[in-house]
K.L.:
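What follows is a structure written as structure tokens; I'll ask about it next.
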Amino acid sequence: MKRFSGKALSERLYKSFLAWSLFIGLWEWSIYTGILKSMLLAPPTVIIEKMLYFLEKGYLQINIAASLGRFFAGFVIAILIAIPLGLILGLFKRLYEWISPLLNFIRLIPPPAILPFAIILLGIGESPAVFVIALGSFFPILMNTVQGVKETETIHLEVVKTMGGNRVDLIRHVIFPSAIPTVMTGIRIGFGIGWLVLVSSEVVAADSGLGFMLEGARNLLETPTIFVGMTTICILGLMIDVFLKRIERFFILRKGGGYLTYN
Amino acid sequence: MRYKKIALVLTLMLVLGLISVTPAITWAAEKKYDQKGGPVATWDRPIEKGFEVGEALNPVHFMIGIAVGVLILHLLRSKFPKVVPLAAVRALTSIGVAVIIWELVLYLQLVRSVFLPPPTAVLAKLQGHWQKGYLQIHIWASIKRLFIAFFLAIITGIPLGFLVANFRRFSDYIDPILNLIRVVPPPAWLPFAILWFGIGNPPSIYIIWLGAFFPIVLNTIRGVKDTQQIHVESMLNLGGNKMDVYSKVMLPSAFPTIFTGLRIGFGIAWICLVTAELVAVDAGLGWMIDDARTLLDTPTILGGMVMICMFGIIFDTIFRKTEKEIARWQ
């Protein structure tokens with residue numbers, strides 16, 4: 001694993017910091033001088049003020065909790081269904097060959113397109129959003145699990161078989177551990193799509209959450225609030241992504257393959 | 001080999017040409033439409049029309065027909081294994097079986113048809129919409145929007161990726177800002193897009209552009225950075241200047257990676273398209289679905305989903321085939 005030396009890292013940090021401050025300074029300046037209307041683009045100072053105000057009132061926390069709850073409900077459901085299903089489909093190749101066209105067919109419907117249908121089936125509220133988020137993160141996890149299971153090295157399988165392992169041993173000690181890195185990549189991609197779907201479903205079909213906060217603020221033309229919402233979504237997404245990347249890297253390094261896929 | 005390369009380049013040019021020409025044509029068409037005056041009637045709210053249905057097939061005949069079709073397909077496959085590809089047989093069989101089960105569940109009335117209309121009703125509805133021209137309007141609106149946005153993403157994303165990858169000075173400062181904007185999911189921009197651009201095509205094009213832009217930029221950066229140094233140096237040694245390096249070494253060697261970026265970007269753009277259409281516009285397949293939802297017109301919802309899915313499959317297949325071809329070429 002290549003590590004950044006202290007000097008290079010601090011240089012990079014310094015430059016990023018400079019770029020961000022320039023960007024934010026330019027932003028504030030252009031509104032201060034009246035080049036841009038503050039109604040269309042709120043200045044950073046106002047956004048920070050608004051954010052602190054919301055934090056104090058607890059409004060932001062409520063929406064974050066609602067969004068995260070909804071997201072993790074969908075995400076966990078997706079993981080719980082996709083990994084076992086992926087294992088089954090990866091193990092039984094004939095079944096996979098026959099079912100994969102159908103799965104592809106469903107995979108290619110963008111999750112937001114299923115939202116109206118989900119609303120009719122499940123009603124307004126939590127369930128359609130959770131359903132659509134689960135669907136969005138389901139397919140990347142499933143596909144990567146199948147891929148991971150398929151890529152198990154034959155020699156490892158043969159070794160366990162020669163040593164007298166049965167099918168359960170194979171799955172527990174060979175197939176599952178060797179598929180984990182790929183599965184983790186799938187989980188990370190699934191997180192990306194699920195996060196995107198979370199926001200879009202909250203904009204359309206929820207009565208709480210960060211997406212709802214955005215949409216509500218738009219209706220009231222409260223530009224700072226929209227920015228507060230976007231910033232919060234951005235920070236949360238970044239945090240979860242970094243966390244998942246850490247886990248992914250841990251598993252990949254443990255496998256010893258030493259390659260990372262970025263998607 | 002040479003013919004294959006030429007064919008590949010030609011198809012790519014055709015695809016890119018189509019993508020680039022479409023906006024020009026459609027903008028021209030729109031102008032002509034506006035010149036006629038009056039409100040632009042690109043869509044037609046089908047309140048009375050919504051419940052009119054084309055003639056539905058008999059469910060029993062439908063199921064038998066599909067079963068017979070699948071059997072015939074298998075027979076053909078066993079007689080002429082070279083003509084009928086196995087993948088097609090598998091795909092059509094699994095989809096056919098799924099459709100039969102779907103129809104059967106409703107035929108036996110295990111599920112109420114208000115919530116899940118049978119395939120025959122969906123087909124009848126689609127046919128009705130097609131005859132009225134209602135479906136075509138929405139398909140065209142969606143595709144036009146998608147192509148314009150994707151074209152914009154290509155012509156902005158690839159040059160920016162090139163700049164960032166080649167000029168360290170520039171990239172050190174632009175990278176952090178790009179990363180900051182990248183993590184905001186495109187739908188979160190929707191309220192802003194509407195504030196900035198109003199209701200209609202521009203905000204949705206902005207959202208779709210944003211969805212496609214970042215995968216394209218990131219993959220261009222990666223592709224250009226992966227250029228082998230020895231190729232660059234031999235180009236310089238043989239007397240090429242910097243322009244030659246960019247156009248004759250970096251661009252071709254980055255091309256497969258860029259194309260992967262295009263495919264990923266297209267997938268995200270496709271999701272963003274539907275999201276944007278649910279909120280910000282008044283035509284398009286996403287709008288059609290959402291409008292049908294307010295009317296509890298489930299056949300139209302499912303019909304719209306089927307259409308979206310079909311176009312997704314078409315584009316996805318084109319991208320995957322071309323990508324495979326390029327990988328072989330590399």
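Because the structure is predicted, anything quoted here is derived from the model rather than measured. So you know, we letter chains A, B, ... as the sequences are listed, proteins then strands, and number each from 1.
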K.L.:
Do you know which of B/G312, B/P191, B/A87 has the most heavy-atom pairs under 4.5 Å to chain A?
P.N.:
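Greatest number of close heavy-atom pairs with chain A: B/P191.
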K.L.:
Do B/S142 side-chain atoms and B/I139 backbone N/O form a donor-acceptor pair below 3.5 Å?
P.N.:
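Not a single qualifying donor-acceptor pair exists.
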K.L.:
Given B/Y206 and B/F192, is the ring-ring contact (aromatic ring centres under 6.0 Å, His included) satisfied, shown in steps?
P.N.:
CA-CA 10 Å; B/Y206 175 67; B/F192 258 113; 9.4 Å; no
K.L.:
Side chain, backbone, both or neither: which part of B/L278 has an atom under 4.5 Å from a heavy atom of chain A?
P.N.:
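The answer is the side chain of B/L278.
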K.L.:
I need the residue from B/P185, B/A98, B/P176 with the largest number of non-hydrogen atom pairs under 4.5 Å to chain A.
P.N.:
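Option with the top pair count is B/P176.
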K.L.:
Any chance CZ of A/F17 has more than 12 other-residue heavy atoms, nucleotides or ligands included, within less than 6.0 Å?
P.N.:
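No, not enclosed.
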K.L.:
Can you establish whether the number of heavy atoms outside A/F131 located under 6.0 Å from its atom CZ is more than 12?
P.N.:
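No, CZ of A/F131 has 12 or fewer neighbouring heavy atoms, counting only those of other groups under 6.0 Å.
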K.L.:
Can you tell me which portion of B/I301 sits under 4.5 Å from chain A's heavy atoms? Options are side chain, backbone, both or neither.
P.N.:
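For B/I301, side-chain heavy atoms alone lie under 4.5 Å from chain A.
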K.L.:
Which residue out of B/V97, B/V184, B/I313 racks up the most heavy-atom pairs below 4.5 Å with chain A?
P.N.:
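So the answer, after comparing B/V97, B/V184, B/I313, is B/I313.
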K.L.:
Give a yes or no answer on whether the side chain of A/E222 reaches the backbone of A/A217 with a donor-acceptor pair at less than 3.5 Å.
P.N.:
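A pair under 3.5 Å: no.
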K.L.:
Is B/L285 close to chain A through its backbone or its side chain, or both, or neither, when contacts mean heavy atoms under 4.5 Å?
P.N.:
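No part of it gets close to chain A.
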K.L.:
Quick check on A/T223 against chain B: is it the side chain, the backbone, both or neither that has a heavy atom closer than 4.5 Å?
P.N.:
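Backbone plus side chain of A/T223, per the 4.5 Å heavy-atom cut-off to chain B.
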K.L.:
If we define contacts as heavy-atom pairs under 4.5 Å, which of A/I233, A/N104, A/I226 has the most with chain B?
P.N.:
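Result: the option with the highest number of such pairs is A/I226.
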K.L.:
Look at the side chain of B/N219 and the backbone N and O of B/T260, then say whether any donor-acceptor pair between them is shorter than 3.5 Å.
P.N.:
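It does not hold such a pair.
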K.L.:
Tell me whether B/W287 contacts the main-chain N or O of B/V274 through its side chain, where contact means a donor paired with an acceptor under 3.5 Å.
P.N.:
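Judged by distance alone, no pair lies under 3.5 Å.
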K.L.:
Among the options B/I181, B/L180, B/V89, B/L86, pick out the one with the most heavy-atom pairs lying under 4.5 Å from chain A.
P.N.:
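Option with the top pair count is B/L180.
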K.L.:
Over 60° means perpendicular and under 30° means parallel, so classify the ring planes of B/W196 and B/W189, tilted if in between.
P.N.:
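Correct class here is tilted.
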K.L.:
Which bit of B/T275 is near chain A, if near means a heavy-atom gap under 4.5 Å: side chain, backbone, both or neither?
P.N.:
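Both the backbone and the side chain of B/T275 come within 4.5 Å of chain A.
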K.L.:
Could you list which of residues 207-215 of chain A have a heavy atom closer than 4.5 Å to any heavy atom of chain B, in residue-number order?
P.N.:
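When heavy atoms of chain B are the reference, residues 207-215 of chain A contributes A/L214, A/E215 within the under-4.5 Å range.
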K.L.:
Answer with side chain, backbone, both or neither: which region of B/D316 has an atom nearer than 4.5 Å to a non-hydrogen atom of chain A?
P.N.:
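For B/D316, side-chain heavy atoms alone lie under 4.5 Å from chain A.
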K.L.:
Going by atom type alone, with no hydrogens or angles, which donor-acceptor pairs under 3.5 Å involve a side-chain atom of residues 108-129 of chain A and a protein atom two or more places apart or on another chain?
P.N.:
unit_1	atom_1	unit_2	atom_2	d
A/E126	OE1	A/R70	NE	3.0
A/E126	OE2	A/R70	NH2	2.8

K.L.:
Report the C-alpha distance between A/E28 and A/T45 in whole Å, list the side-chain angles of each, state the deciding distance to 0.1 Å, and finish with yes or no for side chain to side chain donor-acceptor pair (under 3.5 Å).
P.N.:
CA-CA 8 Å; A/E28 179 81 44; A/T45 43; 3.1 Å; yes
K.L.:
Highest number of heavy-atom pairs under 4.5 Å with chain A: which of B/L273, B/V279, B/I271?
P.N.:
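Ranked by heavy-atom pairs under 4.5 Å with chain A, first place is B/I271.
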K.L.:
With only heavy atoms counted, which part of A/F227 is less than 4.5 Å from chain B, the side chain, the backbone, both or neither?
P.N.:
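Contact with chain B: backbone and side chain both.
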K.L.:
Give the ring-plane orientation class for B/F259 versus B/F319, where under 30° counts as parallel, over 60° as perpendicular and anything between as tilted.
P.N.:
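Because their plane-to-plane angle lies in the 30° to 60° range, the rings of B/F259 and B/F319 count as tilted.
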K.L.:
Go through the side-chain N and O atoms of B/E277 and B/S204 and say whether any donor and acceptor fall under 3.5 Å apart.
P.N.:
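Not at all, the side chains of B/E277 and B/S204 share no donor-acceptor pair under 3.5 Å.
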